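Sequence lines set the chain letters: A, B, ... in the order given, protein chains first and strands last, and positions in each chain run from 1. Note that this is a predicted model, so its numbers are computed, not measured.
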Protein chains: 2
Amino acid sequence: MRGNPDHNAVPVELTAVIVAVTAEEPRVLTIQDADQNFEALPTGPFESDHRTLQIGLRSWVERQTHHPLGYIEQLYTFADRDRTRDGAGERLVSISYLGLTRERHATGSGDPRWRSWYRFFPWEDWRSGPPVLVGRTIAPRLRAWAKGVDDGATRRERKNRIDIAFGLSGRPWNEELTLQRYELLYEAGLVPEAKRRGLVVDPVPGAPMMHDHRRILATGIARLRAKIKYRPVVFELMPERFTLLALQRTVEALAGQRLHKQNFRRLIDQQGLVEDTGEVAMQTGGRPAKLVRFRREVLLERAVAGTKLPLSRPA
Amino acid sequence: MRGNPDHNAVPVELTAVIVAVTAEEPRVLTIQDADQNFEALPTGPFESDHRTLQIGLRSWVERQTHHPLGYIEQLYTFADRDRTRDGAGERLVSISYLGLTRERHATGSGDPRWRSWYRFFPWEDWRSGPPVLVGRTIAPRLRAWAKGVDDGATRRERKNRIDIAFGLSGRPWNEELTLQRYELLYEAGLVPEAKRRGLVVDPVPGAPMMHDHRRILATGIARLRAKIKYRPVVFELMPERFTLLALQRTVEALAGQRLHKQNFRRLIDQQGLVEDTGEVAMQTGGRPAKLVRFRREVLLERAVAGTKLPLSRPA
DNA sequence: CTTAGTAATGCTCTATATGAGCACAATCTG
DNA sequence: CAGATTGTGCTCATATAGAGCATTACTAAG
């Protein structure tokens, strides 16, 4: 407890979860790791010639993707021991960020591409109802893992965590628990990444990523799913003009859940989040829809405005 | 955008916001910086012999305060350019954590002591109604700062931010905006810390801290004030057995606001957060109160349980 | 032209949550 | 005993959330 402790100099990198929604799929920017044949999140250097980390990240991403980043938020700083550069040895600190943008063809080294995030987390997409993957594969395997301990207390605790995270035993599905779900699967040895920790692995479907990048992505998804409920960040993912249904589909893509259409619209206009452009979209396949635009002023009017969306609430 | 960027090795430290509530005051553990005569948050080394940062921080705090840390959560990683060790030069990364405990005599170098956090943020305590400091000093000075720009858009934007952050022009006070308030004061040159950024300073009351520690503390306060509304973390600050009023006073101390007693109790028992011990406290000064204890089981029952408290909601 | 199909949009109904207050009970202090 | 202080039960108005019905305005197929 000193004012000026000795500082260990440690390698620091920035890792970005860059999200866009296209064709009703939430997508994340990934690169291909040449050596390991794993997909990875784009990782940038910690440059000290920027005033803040955020500015540095923004300029770096924009340089690489040639597209402005609408919104940036720090996610988490990872520095666990197993997070070393090559197996063991030096410790690596990784400061992760969440960024929102609109999809664009990305260029750069490492073969950047936009991937649906459900490629990495197929169990997170409940838009067409409960995925069979959960009921048929994940639930039984997790149950088996829980039953496999001798200690009764641990067993009960595991069962509880599983039920809560995956909405079993009559509990509701909570789309915000993405990280908890991934961590459970990791602990239970059901994702390939766990092998590096020496666990026995018999993986469930879902593409793995390099290092702990899938955990970082899970953190980003969880954060974004939570955020859209009380901050108007969805609009960063929308084009200038859009229909209310398009907005709803975007939210649904992120949340992995369907929403009640009328209630969704009620919320949006109760809060005055959008305004008419006067134009209509005729190619909707049904009655023409008004084209609206985001009222940027709301960002000023109520700094902490809520975009309360009809999704499961923390209770 | 490479898989294996070059890593700049950077000094990394851990900074802790350790909170306890005693005698209806929220307190934070500080140390005295010998050189600069400023109070500071305890800062620890980044030790690589712990499996996770959290474990490292926990053991370090417990070693120093001789008291268990009930709850730890990562706050934010600061690495702005002005955050260098001595004025200019080397960049410093500081990973900050929020920890909850019960007050104890702390020992260690640096003269550790528990300080009411309202010592550093006197405008944050609204338990006895709106502080005169806000109306008489802060509001007029901020207004003057806003008026002092030529650009009309910037002026309006500043006025808006001020109104929202400090609950002016008929807006409600929102206790969660602690960080925004501090940052406004910083920008306006109303805190001593701003001098280091070369701003002209005419400070309002409130003790400054070393480096950007007051900003880190503001981050911790804001986070905790938000958290108590949907997670049962208050109990980490309570003794084993307590009365409902004591619990309410603790929440009020943190939130800096009074709560409606009956509604508070309604929430607590609707959610089954506590259970009777069978004992009563006779020294209440009034009718004897039941002594209750936290039902630890709720942490299992609903991992993300809400302790919805009757405080201002984001909308 | 008619019939489906698909969306947009307006409205209602119910359950629940929240904010505020009244009334009264049980204790202590002076 | 009066007055202060706290605990505790209860009510009431309002806001919000979840669910569904009905109607309107288009396109495409027959």
Nearest to the side chain of [X], which nucleotide is it out of [options]?
X         : options                   : value
His260(B) : dA19(D), dA20(C), dA7(C)  : dA20(C)
Leu245(B) : dA7(C), dT6(D), dG10(C)   : dT6(D)
Gln262(B) : dA17(D), dT27(C), dA23(C) : dA23(C)
Arg266(B) : dG9(D), dT18(C), dT12(C)  : dT18(C)
Pro288(B) : dA25(C), dA19(D), dT27(C) : dT27(C)
Lys261(A) : dC26(D), dA7(C), dC22(C)  : dA7(C)

### Message
One thing to verify: whether Glu24(B) and Arg127(B) come together as a salt bridge, which I'm taking to mean a side-chain N less than 4.0 angstrom from a carboxylate O.
### Response
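Glu24(B) and Arg127(B): not salt-bridged.
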### Query
Do Asp269(B) and Arg265(B) meet the salt-bridge criterion of a basic N to acidic O distance under 4.0 Å?
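Looking at Asp269(B) together with Arg265(B), the answer is no, because their closest N to O distance does not fall below 4.0 Å.
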How many Å lie between [atom1] on [X] and [atom2] on [N], as a whole number?
X         : N       : atom1 : atom2 : value
Ile268(B) : dG7(D)  : CD1   : P     : 14 Å
Leu247(A) : dA7(C)  : CG    : P     : 16 Å
Leu267(A) : dA19(D) : CG    : C1'   : 14 Å
Arg258(B) : dA20(C) : CZ    : P     : 15 Å
Asn263(A) : dT14(C) : CG    : P     : 16 Å
Leu244(A) : dT9(C)  : CG    : P     : 7 Å
Leu259(B) : dG19(C) : CG    : C1'   : 12 Å
Arg287(B) : dT27(C) : CZ    : P     : 7 Å

### Query
Should Arg265(B) be listed as having a side-chain N or O under 4.0 Å from OP1 or OP2 of dG7(D)?
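Checking dG7(D) against Arg265(B), a side-chain N or O does come within under 4.0 Å of OP1 or OP2.
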### Task
Anything under 30° is parallel, anything over 60° is perpendicular, the rest tilted; go ahead and classify Phe242(A) against Phe235(A).
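Aromatic pair Phe242(A)/Phe235(A) classed tilted.
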#### Entry: Reference residue Ile268(B); test side-chain contact (heavy atoms from CB on, under 4.5 Å); the match among Asn263(B), Leu273(B), Val292(B), Val251(B)
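Filter result, single survivor: Leu273(B).
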### Task
Using a 4.5 Å cut-off on heavy atoms from C-beta on, say whether the side chain of Asn160(B) contacts that of Arg156(B).
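A side-chain contact under 4.5 Å is absent here.
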